[in-house]
Colleague: 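Mind looking over this structure? Questions follow.
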Amino acid sequence: MYAQMVKSTGTGLKSADEMSAEERAFQARIDAGEKIEPKDWMPEGYRKTLIRQIGQHAHSEIVGQLPEGNWITRAPTLERKAILLAKVQDEAGHGLYLYCAAETLGVSRDEMTEMLLDGRMKYSSIFNYPTLSYADVGTIGWLVDGAAICNQVPLCRTSYGPYGRAMIRVCKEESFHQRQGFELLMTMMRGTDEQRAMVQESVDRFWWPALMMFGPPDDDSPNTAQSMAWGIKRDTNDDLRQKFVDMTVPQAEVLGVTLPDPGLVWNEERGHHDFTQPDWEEFRAVIGGEGPCNAQRLAHRQRAHEQHEQEATA
Ligand code: FAQ
């Protein structure tokens with residue numbers, strides 16, 4: 001990896017010869033598997049990439065409370081309500097760990113919130129889709145937390161120490177979230193025909209957005225090569241998407257639901273499932289602000305921010 005080298009200016013991949021002595025020493029530490037800590041020297045591009053990724057991740061956890069939070073008052077039993085409350089609170093906690101990790105890079109939580117609200121920072125595309133039935137609570141746990149785990153377990157080994165350490169706890173909690181979603185869907189699948197139909201309809205809606213969570217295909221991902229070279233990302237978007245599909249197919253069989261992709265087949269030669277790509281035009285529209293719930297999510301976030309400001313100055 002050291003020989004191909006690495007962008008540290010945000011403008012392109014650098015060869016080892018083009019690097020400064022500091023950049024070469026930094027890359028050698030990454031290649032040796034050392035963790036980078038807040039007070040260590042780091043290229044400006046590394047710092048900016050981490051602020052972008054950790055900040056986006058933190059915003060996703062915070063905005064990610066909204067789709068499921070929508071169902072807390074309508075949970076069907078006291079037990080389901082307690083489970084859902086605990087899960088949504090966990091997501092708030094994940095956001096806070098992540099904001100703290102980003103703050104070690106010299107950006108404040110207030111600045112990141114400003115950037116979210118004025119559109120300079122993103123949050124995960126998945127949270128711009130509505131939750132239309134209680135089955136969506138189960139499907140989000142199963143598919144969305146399932147995708148989040150696939151993406152985040154490798155991030156426990158990310159090169160930036162504070163981010164990796166935050167991820168360890170987050171992943172433990174996400175595993176509980178995924179299991180509670182699967183268990184909820186399993187309970188509904190053992191219920192009435194109407195409940196089974198609700199689960200299938202929910203899976204049909206969330207399958208494609210869940211595949212989009214891993215980001216654009218590698219050929220179309222401007223950040224992957226650099227982030228892999230810096231050890232920020234440990235796997236590419238396409239590799240993680242494949243892992244998710246392979247993991248999810250047998251779980252769908254156990255549940256008795258059909259994943260809505262006629263192109264989904266086991267490929268003996270590759271040792272993986274072939275599957276149809278999601279609609280990347282839709283993905284670009286959603287991250288560009290035109291998803292079904294973008295305006296609603298940001299308005300909610302804005303209201304919460306203003307309320308907090310008022311309370312802080314009262
Ligand atoms: N949504 O070059 P790449 C969760 C943007 S947490 C929106 O491939 P990168 C827990 C990307 O930022 C879910 N934007 O980018 C939960 C970049 O934009 P920019 C969040 C996306 O960073 C469960 C541009 O597209 N998880 O679910 C998305 O190398 C249930 C080009 O893309 C994380 O954030 C997207 N899906 O790879 C909570 C994990 N994909 O800024 C509640 C950490 C890409 O250059 C309920 N993040 N973009 O204009 C990562 O692993 C990476 O940042 C990726 C994207 C893989 C998401």
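When a ligand or atom number is given, it counts from 1 through the structure's own listing order. Values below: all heavy atoms of this structure, side chains included; hydrogens, waters and symmetry mates excluded. Nothing fancy with the numbering, it's 1 onward along the sequence.
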Colleague: Any idea which of I62, D145, V88, T224 brings a heavy atom closest to atom 23 (C) of ligand 1?
Modeller: D145
Colleague: Number the atoms of ligand 1 from 1 as they appear, then name those within less than 4.0 Å of a heavy atom of G215, with their elements.
Modeller: 40 (N), 44 (C)
Colleague: State whether a side-chain donor-acceptor pair under 3.5 Å links T236 with D218.
Modeller: yes
Colleague: To the nearest 0.5 Å, what is the distance between CD on E61 and CG on L96?
Modeller: 10.0 Å
Colleague: Using a 4.0 Å heavy-atom cut-off, which part of Q65 comes near ligand 1: side chain, backbone, both, or neither?
Modeller: neither
Colleague: Under 4.0 Å, heavy-atom basis, I'd like to know which part of F127 is in contact with ligand 1: side chain, backbone, both or neither.
Modeller: side chain
Colleague: Where's the contact between S125 and ligand 1, heavy-atom distance under 4.0 Å: side chain, backbone, both or neither?
Modeller: both
Colleague: If you count the atoms of ligand 1 from 1 in the order shown, which ones are under 4.0 Å from a heavy atom of V144?
Modeller: 23 (C), 30 (C)
Colleague: May I have the step-by-step check of salt bridge (Lys or Arg N to Asp or Glu O under 4.0 Å) for D40 and R29, ending in yes or no?
Modeller: CA-CA 11 Å; D40 297 348; R29 291 189 62 197; 3.1 Å; yes
Colleague: For ligand 1, indicate whether the residue Q53 contacts it via side chain, backbone, both or neither (heavy-atom separation under 4.0 Å).
Modeller: side chain
Colleague: Could you check whether atom 42 (C) of ligand 1 has a protein contact, counting only heavy atoms that fall below 4.0 angstrom?
Modeller: yes
Colleague: Which ligand 1 atoms are under 4.0 Å away from a heavy-atom of G64?
Modeller: 42 (C), 46 (C)
Colleague: Name the closest protein heavy atom to atom 28 (C) of ligand 1, giving the residue it belongs to and the distance to 0.1 Å.
Modeller: F283 CZ, 3.6 Å
Colleague: Looking only at heavy atoms, is any part of F214 under 4.0 Å from ligand 1, and if so is it the side chain, the backbone, or both, or is it neither?
Modeller: backbone
Colleague: Identify, by atom number and element, the atoms of ligand 1 in contact range of S221, meaning under 4.0 Å from any of its heavy atoms.
Modeller: 2 (O), 3 (P), 8 (O)
Colleague: Applying a heavy-atom cut-off of 4.0 Å, say which part of H57 lies close to ligand 1: side chain, backbone, both or neither.
Modeller: both
Colleague: Is K122 close to ligand 1, meaning an N/O of one under 3.5 Å from an N/O of the other?
Modeller: yes
Colleague: Can you tell whether the side chains of E68 and R80 come within less than 4.0 Å, N to carboxylate O?
Modeller: no
Colleague: Pick, from A210, G69, P216, P67, the option with the minimum heavy-atom distance to atom 32 (O) of ligand 1.
Modeller: P216
Colleague: Could you list the atoms of ligand 1 found under 4.0 angstrom from a heavy atom of K233?
Modeller: 8 (O), 9 (P), 29 (O), 37 (O)
Colleague: Are there over 12 heavy-atom neighbours, none belonging to R169, within less than 6.0 Å of that residue's CZ?
Modeller: no
Colleague: If you measure from each heavy atom of H94 to ligand 1, is any distance below 4.0 Å?
Modeller: no
Colleague: Give the contacting part of L240 toward ligand 1: side chain, backbone, both or neither, where contact means a heavy-atom distance below 4.0 Å.
Modeller: neither
Colleague: With side chain to side chain donor-acceptor pair (under 3.5 Å) as the test, would you mind laying out the steps for Y99 and H57 before giving the verdict?
Modeller: CA-CA 9 Å; Y99 284 128; H57 194 165; over 6 Å; no
Colleague: Run the side chain to side chain donor-acceptor pair (under 3.5 Å) test on D31 and Q27 for me, step by step, so that the C-alpha distance in whole Å, both residues' side-chain angles and the decisive distance to 0.1 Å come before the verdict.
Modeller: CA-CA 6 Å; D31 293 344; Q27 190 63 44; 3.0 Å; yes
Colleague: Does ligand 1 come near enough to R52 that some N or O of the ligand is less than 3.5 Å from an N or O of the residue?
Modeller: yes
Colleague: Counting each atom of ligand 1 from 1 as listed, which ones have a heavy atom of S60 under 4.0 Å away?
Modeller: 13 (C), 20 (C)
Colleague: Is H177 in contact with ligand 1, taking contact as a heavy-atom separation below 4.0 Å?
Modeller: no
Colleague: Give a yes/no on ligand 1: does K87 have at least one heavy atom closer than 4.0 angstrom to it?
Modeller: yes
Colleague: Which of the atoms of ligand 1 are close to A148, meaning less than 4.0 Å from one of its heavy atoms?
Modeller: 4 (C), 27 (O)
Colleague: Among protein heavy atoms, which lies nearest atom 25 (O) of ligand 1, and at what distance?
Modeller: I287 CD1, 3.8 Å
Colleague: Are L155 and W230 linked, directly or through other ILVMFWY residues, by side chains that come within less than 4.5 angstrom of each other?
Modeller: yes
Colleague: Can M121 be said to touch ligand 1, with heavy atoms closer than 4.0 Å?
Modeller: no
Colleague: Show your working on side chain to side chain donor-acceptor pair (under 3.5 Å) between E91 and H177 and close with a plain yes or no.
Modeller: CA-CA 10 Å; E91 311 298 359; H177 296 171; 3.2 Å; yes
Colleague: Just need the protein heavy atom nearest to atom 12 (O) of ligand 1, so name the residue and atom and give the distance.
Modeller: Q56 OE1, 2.8 Å
Colleague: Specify side chain, backbone, both or neither for N223, according to which of its non-hydrogen atoms lie closer than 4.0 Å to ligand 1.
Modeller: both
Colleague: Is the distance from the ring center of F244 to that of F214 below 6.0 Å?
Modeller: yes
Colleague: Looking only at distance, does E91 have an N or O less than 3.5 Å from an N or O of ligand 1?
Modeller: no
Colleague: For atom 10 (C) of ligand 1, state which one of M212, E174, R234 supplies the nearest heavy atom.
Modeller: E174
Colleague: Any idea which protein heavy atom is nearest atom 57 (C) of ligand 1, and the distance to it?
Modeller: M213 O, 4.0 Å
Colleague: Going through the checks in order, is the salt bridge (Lys or Arg N to Asp or Glu O under 4.0 Å) test met by R196 and E201?
Modeller: CA-CA 9 Å; R196 278 187 282 280; E201 189 275 334; over 6 Å; no
Colleague: Out of curiosity, does M112 fall in the hydrophobic cluster containing I287 (side-chain heavy atoms, cut-off under 4.5 Å, transitive links)?
Modeller: no
Colleague: Does the pair E281/R284 count as a salt bridge with the N-to-O cut at 4.0 Å?
Modeller: yes
Colleague: Starting from atom 31 (C) of ligand 1, find the nearest protein heavy-atom neighbour and note its residue, name and distance.
Modeller: P222 CD, 3.7 Å
Colleague: Could you tell me whether I126 approaches ligand 1 through its side chain, its backbone, both or neither, with non-hydrogen atoms closer than 4.0 Å?
Modeller: neither
Colleague: Once rounded to the nearest 0.5 Å, what's the spacing between atom CG of D239 and atom CG of D235?
Modeller: 6.0 Å
Colleague: List the closest protein heavy-atom neighbour of atom 6 (S) of ligand 1: residue, atom name, distance to the nearest 0.1 Å.
Modeller: Q152 NE2, 3.6 Å
Colleague: Can a donor-acceptor pair be found between the side chains of S124 and S60 at a distance below 3.5 Å?
Modeller: no
Colleague: I'd like to know if the side chain of R301 and the backbone of V63 have a donor-acceptor N/O pair within less than 3.5 Å.
Modeller: no
Colleague: In terms of atom number and element, which parts of ligand 1 are under 4.0 angstrom from non-hydrogen atoms of N151?
Modeller: 39 (C), 43 (C), 50 (C), 51 (O), 56 (C)
Colleague: Apply side chain to side chain donor-acceptor pair (under 3.5 Å) to N267 and H272, showing your working.
Modeller: CA-CA 6 Å; N267 182 325; H272 292 290; over 6 Å; no
Colleague: For a 4.5 angstrom cut-off between non-hydrogen side-chain atoms, does I232 reach Y160?
Modeller: no
Colleague: Is the backbone N or O of P217 less than 3.5 Å from a side-chain atom of S221, with the two atoms forming a donor-acceptor pair by type?
Modeller: no
